[in-house]
Amino acid sequence: MSRETSVPPSGRVADVRLECAWCGAIRPADLDPWCASCGGSLRAVLTPAGARPTDLVTVTLGEGRTPLLPIPRAVGPDAWVKAEWVNPTGSFKDRGSAVALSVAIALETAGVVVASAGNNAASVSAYAARAGLPCVAVLPASTPRNKVIQALAHGATVVRVAGDFSDAYRVAELVRRETGWVNMTSTYLNPYMTAAHASIATEIAEALDGVIGSIVVPVGAGPMLEGIAEGFERLVAAGSVARMPLLIGVQASGCAPIVAAFERGDATVAAWPGPPTSIASSINDPLRGYPDDGTRTLRALRRVGGVMVSVDDAAVAVAMRDLGRLEGMAVEPASAATLAGLLALERAMAVPRPVVLVLSGHVLKDPAQVIASADDSPVLDADGILALVADLAGPAGPRG
Ligand SMILES: *Cc1c(COP(=O)(O)O)cnc(C)c1O
Ligand SMILES: [Zn+2]
């Protein structure tokens, strides 16, 4: 069914077409997540060449244009982070929400449904509120509390399912079919979201004058990685980036279906057997029921000559501590996984500089890893505090 007539004349959504990532079938922009010919997932193709997904944004909270900051103490020279935790709801998901909600409004959706490990619900619910649309968020029962609080604060109807992200995914698709609302689950169900992540590549290229050696990206299903890969491919084609950076995808060893396929040299990704166990809850996506999404990510990675690496929880915890203590950057475990991944890869190969870690979410999203030590901090009177400070300052007393 063509929805062209419902596109307002001012909307550049009229210039977007949907292309099947699997069979190549093309149709005008609409809100159906699937290819009518083969049932595969879609990509949003913008015209004219040079058009940016952010051009489509009419619903905004000031997302994107995040700082690129050096991390000399945690890593060394020529190492940077893309500070995605400073986005309005505390994660990079806001880039996708702004574009996808703007398109959904132009195509006259009546509401929004989202399955989420937490951050996407926190984000989509904010942009839905901003657009005046109802939002149903379907979350795994184990979702970190603070992400649930954000979705509730934005007025979403929050329902939790027993099980993991893949169980929530299935329910959100049922809700979409029942209601006709747009599905903004951040897998490949919403092609406008995936396209939006190319803005991360554009901003990094601008900040580093087109010279990037490597970029490290945390991977759940992988739309962020694919969006960044396609962003860089376009920048290379346009001549504004000298050559494709080494793209490094990181998963947690407690749920690493894409790394497993990469390491075996497989052409396709299989769903992760068993429940995800990693502390990096934002990237705990077992892909159960939609393993093609993993295959799509693997293809994007291979096309640009990238690599995948997995990291265990102990390495993630150390990376999280170091980013916080050495650089003042307190981020959630899924984000710290990028530093752990860089260090793991450097034991096997030289990672080209400059290297950029995408730090995707704020520590307050998922404070469980630091909350135990927060509860341990002493409650003292003034004398006790001064004694403690004297200890810290050392026998010579305060410096300076
Ligand atoms: C969603 C998310 C990811 C993973 O992104 P995908 O596009 O699903 O691969 C990584 N880090 C954080 C903080 C996230 O919220
Ligand atoms: Zn198709």
Side-chain angles (χ1 to χ4, degrees), residues 18-27 32-43 82-87 89-97 114-124 139 143-144 146-147 150 165-166 169 184-191 193-198 200 216-230 247 249-252 255-259 269 276 278-287 290 292-294 296-298 300-301 308 316 320 331-338 341 357-366:
L18 296 177
E19 186 183 287
C20 176
W22 302 93
C23 78
I26 290 173
R27 68 171 193 245
D32 186 326
W34 305 114
C35 171
S37 307
C38 78
S41 62
L42 305 167
R43 71 165 37 92
K82 185 64 172 155
E84 289 298 292
W85 77 87
V86 309
N87 273 298
T89 75
S91 86
F92 80 97
K93 295 288 198 303
D94 293 339
R95 295 176 183 269
S97 298
V114 56
S116 172
N119 281 339
N120 203 39
S123 179
V124 166
L139 308 173
T143 302
N146 289 1
K147 300 181 183 181
Q150 283 185 290
F165 175 81
S166 293
Y169 175 106
M184 292 208 181
T185 302
S186 174
T187 46
Y188 289 108
L189 280 168
N190 193 294
M193 285 186 145
T194 306
H197 303 321
I200 298 175
V216 192
V217 181
V219 175
M224 171 161 57
L225 183 139
E226 191 197 79
I228 290 173
E230 291 191 351
L247 194 56
V250 183
Q251 294 201 292
C255 184
I258 305 175
V259 177
V269 172
S278 135
I279 58 169
S281 61
S282 291
I283 50 174
N284 272 344
D285 188 343
L287 304 172
Y290 46 95
D292 288 353
D293 279 6
R296 179 168 163 178
T297 299
L298 187 63
L301 184 94
M308 292 288 302
V316 169
M320 199 173 157
V331 293
E332 66 169 288
S335 307
T338 58
L357 312 179
V358 179
L359 296 190
S360 44
H362 200 286
V363 72
L364 293 178
K365 295 287 204 166
D366 188 1

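Whatever order the structure lists ligands and atoms in, that order sets their numbers, starting from 1. Computed from heavy atoms alone, side chains included, the values below leave out hydrogens, waters and symmetry copies.
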For this session: Could you tell me the residue and atom name of the protein heavy atom closest to atom 5 (O) of ligand 1, and the distance to it rounded to 0.1 Å?
Result: Phe92 CZ, 3.5 Å
Exercise. Taking atom CG of Leu189 and atom CG of Asp293, what is their separation to the nearest 0.5 Å?
Worked result: 7.0 Å
Problem set entry | Residue part near ligand 1, for Glu332, under 4.0 Å between non-hydrogen atoms | side chain
Exercise. In a check of side chain to side chain contact (heavy atoms under 4.5 Å, CB included) between Phe165 and each of Asn284, Leu139, Leu287, Thr185, which one passes?
Worked result: Thr185
Exercise. Short question: side chain of Thr194, backbone of Pro223 - any donor-acceptor pair under 3.5 Å?
Worked result: no
Exercise. Roughly how far apart are Arg95 CZ and Glu84 CD, rounded to 0.5 Å?
Worked result: 4.0 Å
Problem set entry | Pair Ser91, Ser360: side-chain N/O donor-acceptor within cut-off below 3.5 Å | no
Seminar exercise, completed: closest protein heavy atom to atom 12 (C) of ligand 1 is Ser360 OG, 3.3 Å
For this session: Could you tell me whether some N/O pair between Ser91 and ligand 1 is separated by less than 3.5 angstrom?
Result: no
Problem set entry | Nearest non-hydrogen protein atom, atom 8 (O) of ligand 1 | Ala221 N, 3.7 Å
For this session: May I have the step-by-step check of side-chain contact (heavy atoms from CB on, under 4.5 Å) for Phe92 and Lys82, ending in yes or no?
Result: CA-CA 10 Å; Phe92 80 97; Lys82 185 64 172 155; over 6 Å; no
Problem set entry | Nearest neighbour in protein (non-hydrogen) for atom 7 (O) of ligand 1 | Met224 N, 2.9 Å
For this session: Return yes if some donor-acceptor pair links the side-chain N/O of Gln251 with the main-chain N/O of Val219 below 3.5 Å, else return no.
Result: yes
Problem set entry | Under 4.0 Å to a heavy atom of Val219 - the qualifying atoms of ligand 1, by number | 9 (O)
Exercise. At the Zn ion (ligand 2), what is the angle formed between atom SG of Cys23 and atom SG of Cys20, rounded to the nearest 10°?
Worked result: 110°
For this session: Tell me which protein heavy atom sits closest to atom 1 (C) of ligand 1, plus the residue, atom name and distance to 0.1 Å.
Result: Lys93 NZ, 1.4 Å
Seminar exercise, completed: Tested for side-chain hydrogen bond (donor to acceptor under 3.5 Å, both in side chains) against Ser282, the lone hit among Lys93, Lys147, Lys365 is Lys147
Exercise. How far is atom 10 (C) of ligand 1 from its nearest protein heavy atom, and which residue and atom name does that atom have?
Worked result: Ile283 CG2, 3.5 Å
Problem set entry | Those atoms of ligand 1 less than 4.0 Å from some heavy atom in Asn119 | 12 (C), 13 (C), 14 (C), 15 (O)
